[in-house]
Every structure is written in C-alpha cells, then in structure tokens.
Amino acid sequence: MAESYNVKEIEAKWQARWESEGLYQVDNDDPRPKAYVLCMYPYPSGAAHQGHVRNYTFGDLIVRYRTMCGEAVLSPFGFDSFGLPAENAAIKTGIHPRFFTDARIGELKESVKRLGAVYDWRRELKSHDPSYIKWSQFIFTKFFEAGLAYKKNAPVNWCPGCQTVLANEQVLPDGTCERSGDLVIKRDLEQWFLATTQYAEELLSGLDALEWPERVKTMQRNWIGKSQGTKFKMAIAGTDDLFLEVFTTRPDTTFGMTYAVISPEHPQLDNLTKDAFRAEVEGFRIDATDRSEIERQSTEVNSKVKRGVFTGSYAINPFTGKEVPVYVADYVLMGYGTGAIMAVPGEDQRDYEFAKIYGLPIIRTVQPPDDFDGEAYTGPGPKINSDWLNGLDVDEAKAKATEFLVSKGLGEATIQYRLRDWLVSRQRYWGCPIPIVNCPNCGLVAVPFEQLPVLAPDDVEFLPTGDSPLASHPTFKYTTCPNCGEEAIRETDTMDTFVDSSWYFLRFCDPGADTVPFSTEAVATWMPVDQYIGGIEHAILHLMYARFFTKALADLGYVPSRIREPFKRLFTQGMIRLGGSKMSKSKGNLIAPTKYFDTVGADSLRLFHLFVGPPADDFDWSDQTEDVIDGCFRFLNRVWRIALGSAESFPGVTIKIEDRAADVRDKEILRLTHRLIAKVSQDYERWSYNTAVAALMEFTNSLYRYAGSGAQQETFDLAVDTLIKLLAPMAPHISAEIWDRRNGGLVHAEAWPTPDPELVKSDRQTLVVQINGKVRDKIEVDPEIGEDAAISLVLASAKVQQALGGKDVKKTIVKLPKMVSLVV
RNA sequence: GCCCGGGUGGUGGAAUGGUAGACACGGAGGACUCAAAAUCCUCUGCCCCCAAGGCGUGCGGGUUCGAGUCCCGCCCCGGGUACCA
C-alpha cells in the first residue's frame, strides 16, 4: 500500500516521547482523582500474541481516556513468570528455565512497547524475582500461622513410567501420560492446601456488589455451590455399631430411596463390604479411583465402564424401616458432603441412570405434571408415595422430613459447599518454594522472615524421571530447624502459580516495599482495582483465588479492612480463535502481531481489534482478516489526509475553505461533531468500541463531503480537532502526530471534549407506521410532535389508507416520536 | 457429563421489545490515468424482468399490537471443570 503516512517513523518517535515524558507515571501522592486500571499480567511465552494485543489495546484505551478525563491512572505491567512451559523446555533442552523466561520476558516487553501501550514501567514486577518470591513466601508463612495453610493427603495424577506427578493437562483424554504413554494412576501424597472454604460464604455473598459480567458471577456462584440440605445417619442391617451417614438436598424424597451409595474412597467402605463381595468391590475401587472426576460424574451411558457394585450390606431407611442395598459407585465423590448418598432414582437423574443399569426399583415421591415425559423429575409438585408427607409441597416436606430426623437424633440441617480447599503443592522446580521446614522435634515450622526468600538452587538436573528436581537435589532438602537447630527436612514442593497471581495487584501499589509485602497506605490509595481486564478463561480459578487472598490478607491486617474485594469492575474479553480453537503458542496457531507493526503499524492493528466486534465476543481469525486490518489502515490514512490536507495536498482530497458567514453546512457538521462526542463517550463507557470506531468512520465520511462542498475554517478546525481527540485513545501515535502538526503539544494531555446537549438533540425524526405489526409507511416529523397531530398525519397518508383497505382501526399504539402502530 | 456463553447478508458485525443489516471487508460499476497502483464517488440480504409485493436473525413452539431481543424444547460451536495460565 503506497501513498501513506510514515508509520514506522511516527510510531517510534511517539513511543520514545511517551516514555521520556513520563505522562503515564503516577506517584502515590498525585493530587488528581485516582484510578487503577489493570490488564491481567501475562505468562511470558515470547512476543505478544493477538490475545495480548487485544487485551492491552482495551487497557491502554481506558488508561488514555481516563487520563484525558483528568484522573491519575495507575497502569502497571508485570510478568507471571513461573510456570510449567519453562520447566518443560528445560527438561527438553537441559537449559535452565530462568534463561528461557528472561529471554521471553524481553521479547514480550519489546512487543508490548511497540504496540504503543503505556505503563508506569517503574513498577514492573516478575513473580520469579527473588524480591517477589520473598513476599509470596512471607504471605504463605502468615497463612500457615493463621491456620489457613495446612497439609493433608490428597490424590494426584501419577505416571508410573515417568515416576512423577502429572498436571491434568499432561494426561491425555484416554487416561495415559502424554510423554510416556503409560496409564496414569491416582496416588495419595501429602499436599499443602489453602483454606479457601473458610471464606466460602463471603466469596459467595461478596459477588453481589461487584460490577462484573453476570455470567462470571453466575459461574462463581455455581462453583462455590452452596446447598441447603440435611445430613443423617442410617443404621446398617445386622450390625450394632455400623452407620452410614449421607447428605441430601432432598430429605423430602427419603420415602423414594431404593438404594444407598458410598464413594469408592470412603473410609467405611471396607467395614461395609461383606466377604463374598470383597474381591469385586476391591477391583472396582482401584479402577474407579483412577478415573477422572469428569468421567465419574458423567451420566452418559457407557457400557464398557462399570459404574458400581453391591457391597453386600443393607442400610435401613429411617422413614420406612425397610432395608435398601448399599452400592459403591463411581459417581459419588468423597470430597463432597459425607461421601455417601441415599439414592432416589425417581427424583435424581444420576440415580435414575444407575437404577436402570442395575435393575433397582424406581419410586416417584413427587407427582410430575401430566405432560412430563422425562425420567427423573426434579420439579415442584405434591408429595406422593410418602406416607405422612403426602400432599405437602416439596419445601414443606423438606422441612418436615428434617424435623423428623432431628427429633430422632439421626440428623441435622446443614449447608454444604461444592467449593474445596485449594491444593497449592506442586512437585515442580520452576515455582515459588514453600517456605516450611519439617523438624522431627518441632513438626512443621515456617521459615522465619530473616531467612526469606528460600530460593531454589540453580545446580539441578532437569530429567523426565524421579521426583521434582528439588526433592532429588543433594543439599537443598537438608537443613536445620529454625526453632531448635536440629537437623530437619525442607519442604521441596513449590506453590501453584495462581498463588503469585493472587496478590501481584497489591504489590503494584508499592513495588519497592522491603519491610512489608506492600504498605497498607499505598494499597488504600489505589485499591480496589477500578477496572480489571482479562480473558474469560479466568472466570473462576484466578479470580476466585485473588478474592480469597484479598479477604485473608485484610483479616491478617495487611490490606485495609474496608477492602474486601480486589476488583471492583471486571471486563472479560473474548478469545481470538484460529481454525476453531483458541490462538495459543502451545497449539502453534499464532498470527504474530509483529509483522503488522512493520507494515500498517500498531495503530491500525489496535483499531482493527477495537473495530472487529464487541470486545466481549470471541473472534475467528480468517483469510479475510488481513483485508479488514488494511481497511483500518485506509481509514487512518483518510483521517491523516483530511486533517493535514489544508497544509499539504493529497490526491483526491479537496478541502475548500471559504471566508463567509456560517450557513446550514456548518451548522450540520457542528451538530454532527457534538453528536459524535456524545456517541463516542457513551460507547467508551459501555465497552462498545466497535460502534465507536464506526461512528468515527461515519463522521470522517461526512467531513470529506463537508470539506469538498466548502467549509468555514473555524468549524472545520473544531470538527477535525474533535475527531483527533476522540481517536487519540484508540490510535495514539497518528493522533499525537496530527495534533502536534496542527496545534503543537500533546493530544493525550488535552481534556476530553464534552458535548453541547442542545446540539446533540435531533431536529428531524422518521415516524414509522405499522399496521398489524408490519411497516406500511415512514413519515418525516418534528421530534416534538404531539399524539393527536401524529395520528392525523398517519391517517392522512395514502399508503396507510391503501393498507387499511377501509377496515376499522381497533387499537392504536403510539410511541412518540418513533412509531404509531394500528391494529385492524 | 456438569456449569457458563454464542449462532443475524458472501464475511466481521449494527439494532433501550418498535424502520433488521449502521460501519467495514469482499464484489460490481464509474471518475482520474497512456496504463496501472493509490485516491474519490455510486450500487450491493434473498425471491421477482422491473415495480408492487413477498421472504428473511441456527431449528420447532409460545407470549405480545409488534420478537434478533422475552419464555419453553431441540441442534451445532466455544470456554471452564480445581496440577495450563
């Protein structure tokens, strides 16, 4: 593409200037109103990819826009630099993960700078930096002291071939190891947990006040999974001391229990299993525990997989006194409720599937509606087949059933959460070491502050065998107890990288702090984050963990107590897909942004990401995408020509400036200018950047017509300068250059324009006439028109009369000034 | 499986329950040019020779004077599913 403005020169020039002028460096004592705008810090996988570009384009737009609105905007950048990919690379090549990570941080930073996104780089942080590790570890020790970090046994994916723990990602759908192909099994290991469940209730209730996308809040609510229910004990037939305790959300359905189920991991399973059934139960148990949870929870009928076996024991239904068989089945998980259930196939679909396979009876205890043709019925209705509950509705019956169990001393009403404590142990090298020492005398002891950070040794071998490189290191593991000085064993697990990302936004407020992780005052100045921006894929885990950390740190006194939530507003952007799946380095389907920086420039690429669709929607990259990017470049060139056309001459562009009094043409463009300010400002606020770009394009088209037909200097200048200001947060380089050439100075230091409400008002209106819901005529009217006048105008229309065909108007609906609807 | 989204011209998309398709890409035509590129202008949902008109927002129902938008049931595509981040 020829005949265009000099992209490379202009973009390089302004990037250097923004950095040297420090327009976007903010100090904690800045007098302006404060705002904190943050994009989720990235895992450094090399040069920025399109997902990053999209993310930082939105973030940068907001930073520049809010700055023009007069705020001091904190806009920091950092790197989530621990993680599995660097360690995998180390195993493959033998080169230390830090080497990869540092190189990739360099590439990412370079490409982010070429995007023209501005940050306060003085605040940059990296989670693998010892100064960051130190404080991640400090927080962990505080959690440990507060009882929020603890150790217990938990099953992990174990590959017998590699002799190592696998991430879920490394286990293929068929249950084998992606590296060795061995069948992955579950193995119990002692693991560190953070007690997220202690905050379950607040994590749930806190969502209400957040300005987050509804779908994200819904996902989090479902994830926490609060359910009101009843726990009760059932006697085991033929024994005096054996009980099975179950949890149910439907105590009203107890009369419909036709069997009970115990989880394969349940400690009581062994006691409940009769000898004749032991071999089969044991075989099933081993098989089921190695299956993934997703597979186990599936209700899809798969004849190859055994869903459960009979244990030989019978439980006694406390409502009927009748015996029901106790099965062990894969779909009941030990981690939820009591690890055992009463099964009511009539009202639970998973129980229904199971009962069908094993020929167990199905009794309905709620009368479904006549037109119900499903299997299990979970809706409302009167109780049936339930003796003294018959006729009650479900809620009444739940209360009465629970009352009965309580009165018999068998059970109680309880609240269960689906949320589990957070398993943070990782048997890996490239992560933040857990700062705990295990002393034979003192037990688990936190490494004291003076000895932090605990850093992993560099002289390790990265082999795809054995335990974590830390566990097999000759000296790292062996230390002395900070308490008693005796020989002790150091914890060799590292932390989940979600730990690092759970507090980095706090550190950004005070990145240099060296006696505390961050000062409470600095956090009070900036937190909560006013606008957080990131991918929808983080809707649950990262956002939940960060919320948990904020609450826990507030309770420990590090975060001001009024700040209970880290992110006031959240925006989740859509993903870039190529060939149907998420664009990512691991999938190898990247379209690198760098090539566009060298041709059409960062401004065009940014504009493309803003223009191509709603920011929240996914976008499919296709063959035609390049044409759209070229289209954005063409638009910027059109702006360049019209804005600078009176000083230079461009082919095809005529700017006729006339020295005359204002006339209709000037009034019209002035009106359009003010409507544009209103439209773009509104679209900026509601995350509708694609329509904001469209409005700028439309206005530019009008401006061409205006300039060609004869323009007044003053009006023309106002129109152009407004256009440039409105464009400045989107395409900052070209806007800065045009502004500087026309007016001198920095467009990004200009105040955001405000529209004149009088000029925004429309002076004409199309009134639509509908007859029986179909559009039959359109009439130009005064926007202030009254109802009677509108109806007479409508009835006077020949088209309307023709469409009415002499029929009587039964009803008239008037929505002025847009529509009159006649019903005949 | 479960939880959460999405589906509108050839393409990306626009549309407080009220004119479906703004803006752009692609395509067609024209101006400029020796010619091309660049630029500027016009047209462009489908059916119909044109018009009048009809049909159209994944599929099937429903609510409403009026449904892309709200409700119910499907189909397809994507995200998450606790050790990818």
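Chain letters run A, B, ... following the sequence lines, proteins first and then strands; every chain starts at 1.
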(request) Any chance you could list the contact pattern along nucleotides 24-32 of chain B? Use B for base contacts, S for sugar-phosphate-only contacts and - for none, protein heavy atoms under 4.0 Å, 5' to 3'. (result) SBS------

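Base orientation of B:rG53: anti, the glycosidic angle falling outside 90° of 0.
A heavy-atom distance below 4.0 Å to RNA chain B is reached by these residues of residues 215-225 of chain A, ordered by number: A:Arg215, A:Thr218, A:Met219, A:Asn222, A:Trp223. Contact check of residues 81-90 of chain A against RNA chain B (heavy atom, cut-off under 4.0 Å) returns A:Gly83, A:Leu84.
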(message) Let's test your reading of the pairing rules: Watson-Crick or G-U wobble, both distances under 3.5 Å, then write RNA chain B as a dot-bracket string with ( ), [ ], | and dots.
(response) (((((((..(((.....[....)))((((((.......))))))(((.....)))..(((((..]....))))))))))))....

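With hydrogens and angles left out, the side chain of A:Gln191 and the base of B:rC83 share a donor-acceptor pair within 3.5 Å.
Contact annotation for A:Leu696: no contact, since no heavy-atom pair falls under 4.0 Å across all strands. Within 4.0 Å (heavy atoms only), A:Phe619 reaches sugar-phosphate atoms of the nucleic acid but no base atom. Note on A:Val768: a base of the nucleic acid sits closer than 4.0 angstrom, heavy atoms only.
For A:Arg577, the side-chain atoms get nearest to B:rG78 when compared with the rest of B:rU19, B:rG78, B:rG13. Ranking B:rC84, B:rC83, B:rA82 by closeness to the A:Leu423 side chain, first place goes to B:rC83. When distances are taken from the side chain of A:Arg638 to each of B:rC40, B:rU19, B:rC65, the shortest belongs to B:rC40.
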Produce the list of close N/O pairs, under 3.5 Å, pairing protein atoms with atoms of nucleotides 51-55 of chain B; give distances to one decimal.
residue	atom	partner	partner atom	Å
B:rC55	OP2	A:Lys774	NZ	3.4

Could you go through nucleotides 66-69 of chain B and list every protein N or O atom that sits under 3.5 Å from one of its N or O atoms, giving the distance for each pair?
none

